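Naming convention: chains lettered A, B, ... in sequence-line order (proteins, then strands); numbering from 1 in each chain. Predicted model only: the values in this text are computed from it and were never measured.
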There are 2 protein chains.
Amino acid sequence: MAGVTSTPTTGQEPLRGYAKGRLRREEILDTARALFGEVGYRSASLREIAARCGISHPGLLHHFPTKEALLEAVLVRRDAVSEERFGVIRARGTAALRALVEIVAANAAEPGEVELYCVLSAESTAPDHPAHRYFADRYTATRANLERSLREAAEDGDLRPGVDPAVHAPVVVAVMDGLQVQWLLDRDGPTPTDMPAALRAHLDTLLTHPL
Amino acid sequence: MAGVTSTPTTGQEPLRGYAKGRLRREEILDTARALFGEVGYRSASLREIAARCGISHPGLLHHFPTKEALLEAVLVRRDAVSEERFGVIRARGTAALRALVEIVAANAAEPGEVELYCVLSAESTAPDHPAHRYFADRYTATRANLERSLREAAEDGDLRPGVDPAVHAPVVVAVMDGLQVQWLLDRDGPTPTDMPAALRAHLDTLLTHPL
DNA sequence: CCTACCGATCGGTAGG
DNA sequence: CCTACCGATCGGTAGG
């Protein structure tokens, strides 16, 4: 009879072969991202991640051969998701800056993303950290993107005179990073840091007219 | 005869009693601060700190009963040193902002201080971290100080119209924090982040005339 | 300050 | 995917 098999089901037919493996990998990546964000890469244990997924830690190592491989997969997927979500926006000048504020507003709704980035970037300042290169390269790229947006704003006459894109691009990046630390520390308090509002106020000081 | 005792000396007479203990404590605090800055509190081991001091780890625990007590002592001393070095400056308005730029310039010469602050503040965003309260309180106080300086600048007519001290105080704090991350990541590269220059440029965008 | 030890936990492997 | 295990390391204690 249909539904009667030699192995019990839990309301859903078990996924076969690759599909099941892919789902499990996704579950592990989600869980690893969360724990890396909570306690950092070094202090996170494979056993804890595995337990949260309901498997043993050698079971986890079947999907990702080493802890470093797991970290790399988390970072790669982070980039893939960001690219998919925001890469479409190829806005120019102040429009790109407006998009930036929206990204920050979206991040405030997803603390896991902010925790991961904030905790790992600080941890990875150690030269021998496995994510050191990743973050060093990423900051270089982010600064370059922002410098371009500021230059375009200057061309459009939207930048206040005396504002040097090369000098202020790192400052804008710093504002975003620094606000995240403050928000993570006081987000459960009475007056959490308003990240998008603060970033917008900062950008407005660079522009000839408000965003 | 003078100099001939039952215990050998190493060119210096061994310190007696409290003096020796105080020196050892200072050495442990210096070493702990360095390792906490390198790998964070959680990943730093008492054995590694003790080894760098040339003692066993139970020897270290004789001076600081637990790992948390060691962390607290490191943070307390950090505050004491900061207070001693900069607490004297009770400058007003733009003079306080100028002092801030000088503090950042001094920090760039002492990477250990920056590492400790940067790594521990990110690690302590976890609600159950032993330094969580410390950093949450410290950010609140820093923001309040900066807001006051900005308000004074406004009273003196040095603040650009439309710049709200309550909004921009957290932004200035964010700039200092964020620049530290970037500097720690690229300080050994070809073009390290110029923290004091960037901070000064940022402050100048808030003021009616350059610092 | 030491040696010696405790139970717990770590990343990774063996073998199935 | 599992159990069982490896050597290494953790914070802290016992006892001196």
Legend entry - Minimal non-hydrogen separation, Pro165(A) against Leu159(A), with atom names: CG-CD2, 4.2 Å
Inset, instruction - Go through dG11(C), dG12(D), dC10(D) for me and flag the one nearest to the Arg47(A) side chain. - result: dG11(C)
Legend entry - Residue pair Leu185(B) / Ser124(A): nearest heavy atoms and the distance that separates them: CD2-O, 3.7 Å
Legend entry - Arg42(B) CZ to dT9(C) P, straight-line distance once rounded to whole Å: 16 Å
Legend entry - Test: Arg148(B) and Glu152(B) ion pair at under 4.0 Å: yes
Inset, instruction - Could you tell me whether Arg78(B) and Glu113(B) have a side-chain N and a carboxylate O separated by less than 4.0 Å? - result: yes
Inset, instruction - With heavy atoms under 4.0 Å as the rule, sort Ala44(A) into base, sugar-phosphate or nothing. - result: sugar-phosphate
Legend entry - Closest contact, heavy atoms only, Ala50(A) versus Leu60(A): N-CD1, 3.7 Å
Inset, instruction - For Glu48(B) and dA8(D), give me the distance from atom CD to atom C1', rounded to whole Å. - result: 14 Å
Inset, instruction - Indicate, with yes or no, if the rings of His129(A) and Tyr41(A) have centres closer together than 6.0 Å. - result: yes
Inset, instruction - Quick one: sort the Tyr139(A) and Tyr117(A) rings into parallel, tilted or perpendicular, breaks at 30° and 60°. - result: tilted
Inset, instruction - Figure out the CZ/P separation between Arg25(A) and dC1(D), and round it to whole Å. - result: 12 Å
Inset, instruction - Rounded to the nearest angstrom, tell me the gap between atom OH in Tyr41(A) and atom C1' in dG11(C). - result: 9 Å
Inset, instruction - Grab the NE2-C1' distance between His63(A) and dG12(C) for me, whole Å please. - result: 16 Å
Which atoms of nucleotides 14-16 of chain C (N or O only) lie under 3.5 Å from a protein N or O atom, and what are those distances?
none

Inset, instruction - Measure the distance from CG on Leu60(B) to C1' on dC10(D) and round it to the nearest whole Å. - result: 14 Å
Inset, instruction - Using Watson-Crick or G-U wobble pairs with both distances under 3.5 Å, give me DNA chain C in dot-bracket, 5' to 3', with [ ] for crossers and | for pairs to another strand. - result: ||||||||||||||||
Legend entry - Distance-minimising heavy-atom pair for Val39(A) and Val119(A): C-CG1, 4.5 Å
Inset, instruction - Ignoring backbone atoms, test whether Ser56(A) places a side-chain nitrogen or oxygen under 4.0 Å from the OP1 or OP2 oxygen of dC1(D). - result: no
Inset, instruction - May I ask you to decide whether Arg98(A) forms a salt bridge with Glu102(A), counting only side-chain N to carboxylate O separations under 4.0 Å? - result: no
Inset, instruction - Let me know the distance between CD1 of Ile55(B) and C1' of dT3(C), rounded to the nearest Å. - result: 15 Å
Inset, instruction - Between His57(B) and His57(A), name the one whose nearest nucleotide on DNA chain D is closer to the 5' end. - result: His57(A)
Legend entry - Sugar-phosphate only, base, or nothing, as touched by Leu46(B) at under 4.0 Å among non-hydrogen atoms: sugar-phosphate
Inset, instruction - Using atom CG of Leu61(B) as one end and atom P of dT3(C) as the other, report the distance to the nearest whole Å. - result: 14 Å
